[in-house]
Amino acid sequence: MENLRSISIRGRMAYLICSFEQLLLYHNCEKEEWVNILQKLWSYTIAQYLDDWLYELAEYMPNSILKDTMEDAEYITEEEFACLYHLYNKTSQDILLFLEIIFKCGSCELYSKLYDDSPRTLMKVKEGMDILNINNIALVDVNLFVNYSFDECDGWGRCFDGKYLSVFL
């Protein structure tokens with residue numbers, strides 16, 4: 001965890017998304033079913049305005065899909081909603097929980113001033129790591145993310161195309 005303190009929020013998100021992909025592989029998930037949501041998750045690393053990412057992703061999260069209707073949806077289509085409803089209903093609770101962890105990590109500090117290396121996002125990363133540990137899945141190498149410094153852009157880090165780190169995209 002100590003190594004993660006020096007990694008930006010964008011870098012922490014990339015770490016979590018890579019970890020999420022490892023969890024999907026562990027559960028033998030069909031890559032094609034997850035590509036759309038993974039593209040949306042990875043867009044965090046290049047998003048100029050993270051609150052736009054927040055509003056869009058909120059509609060794609062398991063809690064929104066499984067408990068809401070499309071009544072007030074701005075971003076998700078009926079077809080996407082139906083596909084995700086089917087996908088999430090057959091998906092392991094670990095995967096659904098991990099998706100929520102990623103979303104909360106990316107959004108919990110959006111309207112706050114970052115201090116003390118952002119303990120709230122570090123806690124979300126730890127929650128994701130705990131899920132991997134419980135399932136005996138090897139943790140992603142933190143050293144792949146040290147280039148994304150917390151010292152850049154007030155802790156958020158510079159934008160980068162994280163998709164090159166993906167094993168799915």
Side-chain angles (χ1 to χ4, degrees), residues 1-27 29-62 64 75-76 80 84 87-88 91 94-112 114 117-133 135 137-169:
M1 282 300 294
E2 195 57 37
N3 293 351
L4 286 162
R5 289 188 170 283
S6 64
I7 296 173
S8 70
I9 306 295
R10 280 189 174 88
R12 292 173 192 178
M13 285 291 288
Y15 179 85
L16 275 175
I17 299 165
C18 285
S19 298
F20 179 66
E21 289 183 351
Q22 292 305 308
L23 185 62
L24 292 175
L25 291 172
Y26 173 80
H27 283 285
C29 294
E30 295 291 327
K31 288 184 179 186
E32 300 78 36
E33 292 181 316
W34 291 93
V35 167
N36 188 37
I37 193 74
L38 284 167
Q39 287 176 332
K40 296 199 178 302
L41 291 171
W42 279 112
S43 70
Y44 190 93
T45 61
I46 58 171
Q48 201 65 19
Y49 302 105
L50 293 172
D51 49 348
D52 289 343
W53 178 90
L54 163 78
Y55 297 130
E56 181 175 359
L57 252 289
E59 293 184 10
Y60 288 82
M61 289 296 98
S64 296
Y75 299 97
I76 194 167
E80 288 173 318
L84 288 174
L87 178 63
Y88 293 164
T91 297
D94 281 349
I95 291 172
L96 300 179
L97 175 60
F98 209 116
L99 260 178
E100 294 292 339
I101 289 169
I102 294 169
F103 180 72
K104 289 176 183 172
C105 183
S107 59
C108 70
E109 298 278 24
L110 274 184
Y111 301 107
S112 308
L114 297 180
D117 301 326
S118 180
R120 294 194 303 179
T121 60
L122 288 170
M123 183 54 63
K124 292 299 167 196
V125 173
K126 183 182 179 327
E127 289 175 23
M129 293 168 99
D130 289 346
I131 290 174
L132 294 185
N133 285 328
N135 288 287
I137 301 169
L139 296 178
V140 174
D141 184 3
V142 173
N143 292 320
L144 297 171
F145 306 89
V146 295
N147 290 336
Y148 310 111
S149 174
F150 195 84
D151 293 333
E152 296 178 320
C153 302
D154 299 319
W156 295 99
R158 60 181 156 70
C159 293
F160 67 96
D161 187 358
K163 285 187 252 180
Y164 81 92
L165 296 164
S166 174
V167 294
F168 273 62
L169 303 181

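Scope of the values below: all heavy atoms of this structure, side chains included, with no hydrogens, waters or symmetry mates.
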- Task: Using modelled atom types only, decide if a donor and an acceptor are shared between the side chain of Arg5 and the backbone of Asp117 within a distance under 3.5 Å.
- Result: no
- Query: Is the backbone N or O of Asn143 less than 3.5 Å from a side-chain atom of Asp141, with the two atoms forming a donor-acceptor pair by type?
  - Reply: yes
Just wondering, do [Y] and [X] contact through their side chains at under 4.5 Å, heavy atoms?
X	Y	result
Glu56	Asp51	no
Lys31	Leu25	yes
Phe98	Asp94	no
Leu54	Tyr111	yes
Leu110	Trp156	yes
Trp34	Leu87	yes
Ile95	Ile131	no
Trp42	Met13	no

State, to 0.1 Å, how close [X] and [Y] come at their nearest heavy-atom pair, and which atoms those are.
X	Y	result
Ser149	Ser8	O-CB, 3.4 Å
Gly128	Leu16	CA-CD2, 4.2 Å
Ser43	Trp53	OG-CD1, 3.3 Å

Spacing of [X] atom [atom1] and [Y] atom [atom2] [to the nearest 0.5 Å]:
X	Y	atom1	atom2	result
Ile17	Cys105	CD1	SG	9.0 Å
Arg12	Ile7	CZ	CD1	7.5 Å
Leu24	Glu30	CG	CD	11.5 Å
Ile101	Met129	CD1	CE	12.0 Å
Leu23	Phe20	CG	CZ	7.0 Å
Leu38	Leu99	CG	CG	8.0 Å

- Message: Check this for me: Asp154, atom CG, are more than 12 non-hydrogen atoms of other residues, nucleotides or ligands nearer than 6.0 Å?
- Response: no
- Query: Quick check: are there more than 12 heavy atoms from other residues, nucleotides or ligands sitting under 6.0 Å from NZ of Lys126?
  - Reply: no
- Apply side-chain contact (heavy atoms from CB on, under 4.5 Å) to Ser19 and Leu139, showing your working. CA-CA 7 Å; Ser19 298; Leu139 296 178; 6.0 Å; no
Show me the side-chain donor-acceptor pairs of residues 158-168 shorter than 3.5 Å, one per line, residues at least two apart or across chains.
unit_1 : atom_1 : unit_2 : atom_2 : d
Arg158 : NE     : Glu152 : OE1    : 3.4
Arg158 : NH2    : Asn147 : O      : 3.1
Asp161 : OD1    : Lys163 : N      : 3.2
Tyr164 : OH     : Tyr148 : OH     : 2.5
Ser166 : OG     : Glu21  : OE1    : 3.3
Ser166 : OG     : Glu21  : OE2    : 2.6
Ser166 : OG     : Phe168 : N      : 2.9
Ser166 : OG     : Leu169 : N      : 2.9

- Ile102 and Leu57: CA distance, side-chain angles, deciding distance, side-chain contact (heavy atoms from CB on, under 4.5 Å) verdict: CA-CA 10 Å; Ile102 294 169; Leu57 252 289; over 6 Å; no
- Test side-chain contact (heavy atoms from CB on, under 4.5 Å) applied to Ile9 and Tyr44, step by step: CA-CA 10 Å; Ile9 306 295; Tyr44 190 93; 3.5 Å; yes
- Message: Check the orientation of Tyr15 and Phe145. Use parallel for under 30°, tilted for 30 to 60°, and perpendicular for over 60°.
- Response: perpendicular
- salt bridge (Lys or Arg N to Asp or Glu O under 4.0 Å) partners of Glu32, counting only residues at least two apart: none
- Message: Working note: Thr45 + Arg10, criterion side-chain hydrogen bond (donor to acceptor under 3.5 Å, both in side chains); need CA distance, chi angles, decisive distance, verdict.
- Response: CA-CA 5 Å; Thr45 61; Arg10 280 189 174 88; over 6 Å; no
- Task: Carefully, step by step, assess Tyr60 and Glu80 under the rule side-chain hydrogen bond (donor to acceptor under 3.5 Å, both in side chains).
- Result: CA-CA 9 Å; Tyr60 288 82; Glu80 288 173 318; 2.8 Å; yes
- Message: Is a donor from one side chain sitting under 3.5 angstrom from an acceptor on the other, for Glu109 and Ser118?
- Response: yes
